[in-house]
Amino acid sequence: EWTKSHLEAVLIGVVLLVAAAYGAYAFSTGQAKKAVDAAKALNEAQAMFQQAGSLSGPQAQQAFNQAYAKYQGVVSGFDGTPQAQAARLGQANALLAQGKAADAEREYAALDSRKADPIAALAGFGRARALELQGKAKDAADAYQQAGTAYPDSAISAAALAAAQRLGTPIAAPKKS
């Protein structure tokens, strides 16, 4: 009896429930497609960067510029995704490969969050490398030391500490987390 007297409200509730379920499905499908599209775009940029590394002279410069532009497309098209963060690191790497160490240093510094994340660890190491290429040995040694100790569980820790020692900074053992 209650259902018959409230049939309109029950039908509206069922329609809203179906619409909410469809909306959730469409959202999750859209997010999955966005992640796949971002991964494809990032892979294209990385392939272009790797290809540029096998070239020399003006051809390499042009290829690194193209890779930078591809990475920029990932950053702007998929901002807020892990792929965009990786593309920012790719941009810094492309700048460094082009000999634009000061620009690369700024990009790396923006990514170096000191959080236990692989992008931040690589950015810390890249920043130190950019400083070294600029001839700032003391700053580079300090940056290598910081990268080695700030990211003790990362793959770059030992390399960073060895680079710091090579540049004359005594090694302080990293604190494992």
Side-chain angles (χ1 to χ4, degrees), residues 28-137 139-164 166-167 174 177:
S28 68
T29 301
Q31 290 299 97
K33 181 174 177 359
K34 182 179 179 180
V36 167
D37 291 346
K40 284 181 184 177
L42 181 60
N43 284 339
E44 289 174 15
Q46 288 173 327
M48 193 171 284
F49 180 85
Q50 288 175 344
Q51 181 183 17
S54 67
L55 302 173
S56 62
Q59 289 177 326
Q61 279 298 100
Q62 183 179 3
F64 282 122
N65 280 333
Q66 290 173 341
Y68 183 92
K70 262 302 196 198
Y71 284 127
Q72 181 60 40
V74 176
V75 169
S76 63
F78 302 99
D79 194 33
T81 65
Q83 293 86 352
Q85 280 297 92
R88 285 185 178 93
L89 182 64
Q91 285 179 301
N93 290 337
L95 288 169
L96 191 62
Q98 293 176 56
K100 299 176 180 177
D103 293 335
E105 178 196 349
R106 283 190 293 277
E107 294 293 326
Y108 287 128
L111 289 167
D112 187 4
S113 64
R114 301 281 187 241
K115 293 180 182 170
D117 121 25
I119 300 273
L122 290 169
F125 188 82
R127 180 176 169 270
R129 179 75 179 125
L131 287 164
E132 184 177 359
L133 291 175
Q134 291 175 69
K136 300 176 179 178
D139 293 338
D142 291 345
Y144 279 127
Q145 179 71 32
Q146 290 170 0
T149 56
Y151 306 108
D153 296 326
S154 79
I156 62 97
S157 181
L161 293 173
R166 176 178 49 82
L167 292 175
S177 56

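Model, not experiment: these values are computed from the prediction. Every heavy atom of this structure was used, including side-chain atoms; hydrogens, water molecules and symmetry mates were not.
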Undergrad: For a quick test of reading the model, state the closest non-hydrogen atom pair linking Ala41 to Phe78 and the distance between them.
TA: CB-CE1, 4.2 Å
Undergrad: Which heavy atom of Leu95 sits nearest to which heavy atom of Ala104, and what is that distance?
TA: CB-CB, 3.9 Å
Undergrad: Which residues satisfy the ring-ring contact (aromatic ring centres under 6.0 Å, His included) test with Phe49, sequence neighbours excluded?
TA: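 Applying ring-ring contact (aromatic ring centres under 6.0 Å, His included) to Phe49 gives Phe64.
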Undergrad: Could you pull out the closest heavy-atom pair between Ala123 and Leu111, with the gap in Å?
TA: CB-CB, 3.5 Å
Undergrad: Does a salt bridge link Asp79 with Arg88, judged by any charged N lying under 4.0 Å from a carboxylate O?
TA: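 A salt bridge links Asp79 with Arg88.
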Undergrad: Which value, rounded to the nearest 0.5 Å, describes the distance between Gln83 atom CD and Gln46 atom CD?
TA: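 Between Gln83 CD and Gln46 CD, I get 10.0 Å after rounding to 0.5 Å.
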Undergrad: Does any non-hydrogen side-chain atom of Glu105 lie less than 4.5 Å from one of Lys136?
TA: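 In contact.
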Undergrad: Determine whether the side chains of Glu132 and Tyr144 contain a donor N or O and an acceptor N or O closer than 3.5 Å.
TA: yes
Undergrad: For the residue pair Ala67 and Met48, what are the closest heavy atoms and their distance?
TA: N-SD, 3.5 Å
Undergrad: Is Tyr108 close to Arg129 at the side-chain level, that is, under 4.5 Å between some pair of heavy atoms?
TA: no
Undergrad: Checking Leu167 against Asp142 for the side chain to side chain contact (heavy atoms under 4.5 Å, CB included) test, could you report, in this order, the C-alpha distance in whole Å, the side-chain angles of both residues, the deciding distance, and whether it holds?
TA: CA-CA 9 Å; Leu167 292 175; Asp142 291 345; over 6 Å; no
Undergrad: Could you measure the distance from the CG atom of Leu42 to the CG atom of Asp37? Nearest 0.5 Å is fine.
TA: 12.5 Å
Undergrad: I need the Gln85 CD to Thr81 OG1 distance, nearest 0.5 Å.
TA: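 It is 8.0 Å, given to the nearest 0.5 Å.
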Undergrad: Can you name the closest pair of heavy atoms from Gly124 and Ala147 and give their distance?
TA: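 It is C-CB, 3.8 Å.
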Undergrad: Measure the CD-CG distance between Gln62 and Asn65 for me, rounded to the nearest 0.5 Å.
TA: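 If we round to the nearest 0.5 Å, Gln62:CD and Asn65:CG are 8.0 Å apart.
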Undergrad: Where is the tightest heavy-atom contact between Leu131 and Ala143, given as atom of each residue plus distance?
TA: CD1-CB, 3.8 Å
Undergrad: Taking everything shown except Gln134 itself, do over 12 heavy atoms lie less than 6.0 Å from its CD?
TA: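 Yes, enclosed.
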